[in-house]
Every structure is written in C-alpha cells, then in structure tokens.
**Student:** 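Okay, here's the structure, questions in a sec.
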Amino acid sequence: MLNLAKLREKRDNGEKGFTLIELLVVVVIIGILIAIAIPLYLNYRKGANDKSAQSDLRNAISTLEQCSTDLGTYPDGTTTGGALPTSPATLPGCTTQIATKGADTTLTYFPVAATKATSYVLYSISSSGTTNKYYCYASGTGGAVKTEATLPTVVTTTCA
C-alpha cells in the first residue's frame with residue numbers, strides 16, 4: 001500500500017500533458033479538414049480563372065468595336081489568323097491596342113466574312129480554368145456573353 005501511495009504522488013505532481021490517443025485524434029481531425037478545404041480552394045481558383053477569361057473576352061469586344069469605328073469594318077481573318085495576337089498588341093489597321101489579357105486566356109476571333117467583316121464571333125477560354133468552358137460573343141446578335149462547351153471548327157455567325 002505504501003508503494004501505491006508513492007506512485008500516485010509521483011503521478012499527480014502537477015505535470016499534465018496529452019495522451020498519444022488525444023494527439024492522434026487531433027491530427028486526424030486536421031487531416032479531414034484539409035481534405036475538405038483543398039478541393040474547395042482549387043474550385044475557387046478555377047472559377048476565378050474562368051471569370052478572368054470572361055473579362056478578357058469583354059475587353060477584347062471593346063477593342064474590336066473601337067477598331068470597327070476606326071476602320072469601318074472589323075479586322076479580317078487573313079490578318080489575324082483566328083487567334084488574337086498576344087497582348088498588348090494592335091490589330092492590323094486599328095489604333096486601339098488589345099487590353100492586356102491573362103497569360104492563361106486564349107482568345108479566338110472568327111470574322112463572319114474573310115474581308116470587310118461586318119460582324120464576328122469571339123471565343124475565350126482559360127487553360128487553368130474549368131475544362132471545356134468557353135465563353136462566346138457574337139457581334140451580329142449582340143446580347144450577353146454566353147458559355148459554351150466546345151470551340152467550333154468552322155466559322156460560325158452565332159454562339160450555340
């Protein structure tokens with residue numbers, strides 16, 4: 001009985017700590033929270049990149065409309081080759097530069113006519129955004145920027 005009293009006295013000397021089980025439970029809880037947070041964070045980043053591509057498209061629309069005011073027509077497909085130049089750059093015949101676009105954004109320009117274009121269709125996508133999420137604007141029909149799943153292989157006059 002005397003030894004048991006001494007053991008209790010040594011054990012209850014005021015030092016307190018966590019047991020191994022308590023530490024493991026905390027580590028598991030932190031791991032679960034991280035497993036939930038990382039995919040949410042990555043989805044927020046993809047969404048932000050998509051919004052950047054959409055914003056770059058709207059900026060390019062303003063540039064093309066200014067160019068149309070300068071030239072009387074939109075730039076033709078033979079001078080731009082479909083993909084808009086890396087920004088900042090000036091389209092042939094235009095005085096307005098394309099606004100600086102994100103490094104991940106690709107803008108594709110389809111003039112409705114090869115020469116003396118009177119309307120165009122413009123697509124954008126972010127390479128680090130949502131897969132196969134294109135944004136489209138057709139100047140002939142106007143309206144809002146639309147979301148599309150594919151980039152057309154031939155020149156179109158409207159967004160799908």
Side-chain angles (χ1 to χ4, degrees), residues 18 22-160:
F18 296 106
E22 291 170 329
L23 291 173
L24 288 174
V25 167
V26 169
V27 168
V28 167
I29 290 172
I30 290 173
I32 290 171
L33 291 174
I34 289 173
I36 292 170
I38 288 176
L40 289 175
Y41 171 72
L42 293 176
N43 283 336
Y44 284 129
R45 285 198 53 180
K46 283 184 178 184
N49 290 331
D50 288 339
K51 292 295 181 187
S52 175
Q54 197 174 22
S55 174
D56 291 342
L57 177 76
R58 287 192 176 108
N59 289 335
I61 291 167
S62 298
T63 302
L64 288 167
E65 294 302 327
Q66 181 64 41
C67 185
S68 171
T69 302
D70 294 344
L71 290 174
T73 63
Y74 296 105
D76 63 38
T78 59
T79 56
T80 60
L84 290 179
T86 305
S87 59
T90 305
L91 291 169
C94 297
T95 57
T96 308
Q97 285 190 338
I98 294 173
T100 303
K101 62 179 180 156
D104 297 340
T105 302
T106 302
L107 292 167
T108 307
Y109 172 69
F110 294 105
V112 173
T115 58
K116 304 276 185 198
T118 56
S119 63
Y120 63 89
V121 178
L122 188 63
Y123 282 85
S124 72
I125 188 171
S126 174
S127 60
S128 56
T130 306
T131 304
N132 294 330
K133 189 170 189 180
Y134 289 89
Y135 295 98
C136 177
Y137 176 77
S139 68
T141 57
V145 171
K146 298 178 182 176
T147 305
E148 304 231 345
T150 59
L151 180 67
T153 55
V154 295
V155 176
T156 60
T157 57
T158 61
C159 300

**Student:** Testing Ile36, Ile38, Ile32 one by one against Ile34 for a side chain to side chain contact (heavy atoms under 4.5 Å, CB included), which residue passes?
**Tutor:** Ile38
**Student:** Run the numbers on Thr106 and Ser127 for side chain to side chain contact (heavy atoms under 4.5 Å, CB included), then give the verdict.
**Tutor:** CA-CA 8 Å; Thr106 302; Ser127 60; 5.7 Å; no
**Student:** Do Asp104 and Ser126 have a side chain donor and acceptor closer than 3.5 Å?
**Tutor:** no
**Student:** Can you check side chain to side chain contact (heavy atoms under 4.5 Å, CB included) on Ser128 and Lys46, steps first, answer last?
**Tutor:** CA-CA 6 Å; Ser128 56; Lys46 283 184 178 184; over 6 Å; no
**Student:** In a check of side chain to side chain contact (heavy atoms under 4.5 Å, CB included) between Val26 and each of Val28, Ile29, Ile30, which one passes?
**Tutor:** Ile30
**Student:** Quick one: closest heavy-atom pair of Leu57 and Leu107, and the distance?
**Tutor:** CA-CD2, 4.0 Å
**Student:** Run the side chain to side chain contact (heavy atoms under 4.5 Å, CB included) test on Thr108 and Leu122 for me, step by step, so that the C-alpha distance in whole Å, both residues' side-chain angles and the decisive distance to 0.1 Å come before the verdict.
**Tutor:** CA-CA 6 Å; Thr108 307; Leu122 188 63; over 6 Å; no
**Student:** In terms of side-chain heavy atoms, does Asp56 have a donor or acceptor partner in Ser124 at a distance below 3.5 Å?
**Tutor:** no
**Student:** Measuring from Gln66:CD to Thr63:OG1, what's the distance to the nearest 0.5 Å?
**Tutor:** 8.5 Å
**Student:** List the atom pairs, with distances to 0.1 Å, where a side-chain N or O of residues 131-143 and a protein N or O form a donor-acceptor pair under 3.5 Å, not counting sequence neighbours.
**Tutor:**
unit_1 : atom_1 : unit_2 : atom_2 : d
Ser139 : OG     : Tyr120 : N      : 2.8
Ser139 : OG     : Tyr120 : O      : 3.3
Thr141 : OG1    : Ala138 : O      : 3.4

**Student:** Roughly how far, to the nearest 0.5 Å, is OG1 of Thr130 from CG of Asn49?
**Tutor:** 8.5 Å
**Student:** Atom OG1 of Thr105 and atom CD of Gln54: how far apart are they, to the nearest 0.5 Å?
**Tutor:** 11.0 Å
